[in-house]
Amino acid sequence: MHCSHLLHQLQFCARRQTPSHGKKLHAHILKSGLYQCGPLPNTLLDMYGKCGLIKDALQVFDEMPHRDPVSWATLLTAHNQAKLPHRTLSVFPNMFTLDGLQPDHFVLASLVKACASLGATKLGKQVHARFIISPFCDDDVVKSSLVDMYAKCGLLDSASLVFESIYQKSSVSLTAMISGYARSGLKSEAVELLRGMSEKNLFSWTALISGLVQSGHWVDGFHLFIEMRRKGVDIVDPFSLSSIVGASANLAALELGKQVHCLVLALGYESSLFVSNALVDMYAKCSDVLAAKRIFDTMCQRDIVSWTSIIVGMAQHGRAEEALSLYDKMILAGLKPNEVTFVGLIYACSHVGLVSKGRYLFKSMVEDYGLSPSLQHYTCLLDLYSRSGHLEEAENLLKAMPFKPDEAAWAALLSACKRHGNTQMGIRVANHLLRLEPEDPSTYILLSNAYAGAAMWENVSRVRKRITVMEFKKEPGYSCVDLGKESMVFCAGESFDPMKDEIFGLLKELDAEMKKRGYVPDISSVLHDMEQHEKERQLFWHSERLAVAYGLLKAVPGTVIRVVKNLRVCGDCHTVLKHICSIVKREIIVRDATRFHHFKDGRCSCCDFW
DNA sequence: CTAGGGTTAG
């Protein structure tokens, strides 16, 4: 075989990622003595790198007779490709110490890319400085990678400065800049750049859509996705689809999510790991956790994200046993859990009060898997101790943990003190909390109730003064009920809805039946200072009740009522919904700001902890 | 012969 023919064969293997054929070629090259032939060693190195065989790549590199800057660039790219950016940066200095070579623009671009994926701002700036004083300082490819690096590090000003210096703005540099703007939430800047592109491609559209979705502009992401479809852009890879599935998950819009799922099937991407992982998460977040499980079960390959998604989904829906048994299956399948998996697991334990299991998992995370717990892990564990009445252990953990506990952590303990009747600790915790100058109005309700319980009236009035200020800051509550073809949003308070009278009538009727069953309104969560009956009136018009009533009036009989609320469900509404589900014999699912509530047969999946 | 941009879980 000829040298140039072998070269083409190797390049083909690299593109197709078929290392088995590549290895045969390698053997052939060694046998035929063509190893010294021009670019063959570098191409061989590149083939192993592109096929993800970093060890073989390193071996070829070490045994190379002559190494030139191309060899080094190829080796560094191989490390980037293998997701070892740290190694890229640590191997680089050997280029002069071993071979006395200076980096060229190919090497510089690889270094910048490594800095970008590590978020290494300081090193990135050093590489930038090297680039400026190098003979390649006009190279647009390196500049594109610098734009991307600065954008990923959150330094948008630096990114756009480099971007402006690019003479011929290629679609790659434009895409890097669009992605940077979109991810930082600079919507109009990102959209304008795309609009100005003469040849928009799938990459640039995807950069914009996924960036908007990542920065929380889910509806805008959808509009642009629809526009991209209308423009007839061929969706030849799964990237934009996984983003848009994620957008439906965050919008908690089940019907929309189902439509996106249909599109995924129509375009033939159901076997893409990224897409099916996103679908599992979407169904769980859209309150249909059984559909999430069905997707999970039918996946032909599963990675740690798939397992974690379903574990977290089960945990959020109060299905702790299923979450924990899925974890056992995951370990049997040979997967290694990560930080996110443990958040889901400890969260699952706190739902059902599995204290020793939670404590064991926390320990196992550190000792068996070498992971370091974050504030979130401590908060979950704290929540578990508090809810289950292990107040001393909770307070000790709060003091001993290596993070400064935040408002939510203290508030969780305070509400547990109230629930378990520990007034003394309650006061201690309340004093800590008050010094933090809380931001959340519901924290003040907790504080006020704690001080009132201990008859500390001076403190009560101090807290109530702050509440008056808070009232203006409080985000208005709203709930959305999903009826399949339509959905309806309700705000708290008396509405001007055309169905108002019917909704009022139904709620009044249900109220009478509930009172017969022993329901007494719990007004302790009403912020405003007013008379008892006025407070009860306020509760009566909470948005989740209006949404549920509307659902009962309009939804197909026997179907599940699905409601999404922006704030947390208050204690009284929680009691009311438990009554309603058993009176009307319907399942009601409410997704609130923190978790899911499945109301069925007079009970809730959250076990009344939320 | 070698380099740059877009996807999933808390």
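Given the structure is predicted, the values throughout are model-derived calculations rather than measurements. In what follows, every chain begins at residue 1, and chains take the letters A, B, ... in the order their sequences are listed.
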Check your understanding: Do the non-hydrogen side-chain atoms of A:Asp148 and A:Thr175 ever get within less than 4.5 Å of each other?
Key -> no
Check your understanding: When every nucleotide of nucleotides 2-7 of chain B is labelled 5' to 3' by its protein contacts under 4.0 Å (heavy atoms), B for base, S for sugar-phosphate only, - for none, what sequence of letters results?
Key -> BBBBBB
Review point. Which part of the nucleic acid, if any, lies within contact of A:Val340, taking any heavy atom under 4.0 Å across all strands shown: a base, the sugar-phosphate backbone alone, or nothing?
Key: base
**Study point:** Whole angstrom value for the distance that separates C1' of B:dA9 from CG of A:Leu345
**Key:** 12 Å
Review point. Quick one: A:Gln376 CD to B:dA9 C1', roughly how many Å, whole number?
Key: 11 Å
Point to revise | Interatomic distance, A:Leu7 CG vs B:dC1 C1' [rounded to whole Å] | key: 6 Å
Exercise for review: Indicate, with a heavy-atom threshold strictly under 4.0 Å, whether A:Ser309 touches base, sugar-phosphate, or nothing.
Suggested key: sugar-phosphate
Exercise for review: Check whether any side-chain N or O of A:Lys285 sits under 4.0 Å from OP1 or OP2 of B:dT8, and answer yes or no.
Suggested key: no
Check your understanding: Atom CG of A:Leu335 to atom P of B:dA9: distance rounded to whole Å?
Key -> 18 Å
Practice item. Ignoring hydrogens and angles, tell me if any N or O in the side chain of A:Arg387 forms a donor-acceptor pair with the backbone of A:Val352 under 3.5 Å. Key: no
Point to revise | Test item: A:Lys152 side-chain N/O and A:Met149 main-chain N/O as donor-acceptor pair under 3.5 Å | key: no
Review point. Atom CG of A:Asn277 to atom P of B:dG10: distance rounded to whole Å?
Key: 12 Å
Pair up each side-chain donor or acceptor in residues 308-319 of chain A with any protein partner under 3.5 Å, not counting sequence neighbours, and list the distances.
| residue | atom | partner | partner atom | Å |
| --- | --- | --- | --- | --- |
| A:Thr308 | OG1 | A:Ile304 | O | 2.7 |
| A:Thr308 | OG1 | A:Thr341 | OG1 | 3.0 |
| A:Ser309 | OG | A:Val305 | O | 2.7 |
| A:His317 | ND1 | A:His598 | NE2 | 2.7 |
| A:His317 | NE2 | A:Ala284 | O | 2.8 |
| A:Arg319 | NH1 | A:Glu322 | OE1 | 3.2 |
| A:Arg319 | NH1 | A:Glu322 | OE2 | 3.3 |

Check your understanding: Side chain of A:His351, backbone of A:Tyr347: donor and acceptor closer than 3.5 Å?
Key -> no
Review point. Rounded to the nearest Å, what distance is computed from the CG atom of residue A:Asn250 to the P atom of nucleotide B:dT8?
Key: 10 Å
Exercise for review: Determine the interplanar angle of the A:Trp307 and A:Phe296 rings, folded into 0 to 90°, and report it as parallel if under 30°, tilted if 30 to 60°, perpendicular if over 60°.
Suggested key: perpendicular
Review point. Could you give the CZ-to-C1' distance, from A:Phe596 to B:dG10, as a whole number of Å?
Key: 13 Å
Review point. Between atom CG in A:Leu279 and atom C1' in B:dA9, what is the gap in whole Å?
Key: 13 Å
Practice item. Could you pull out all residues at least two apart from A:Lys258 that satisfy salt bridge (Lys or Arg N to Asp or Glu O under 4.0 Å)? Key: A:Glu255
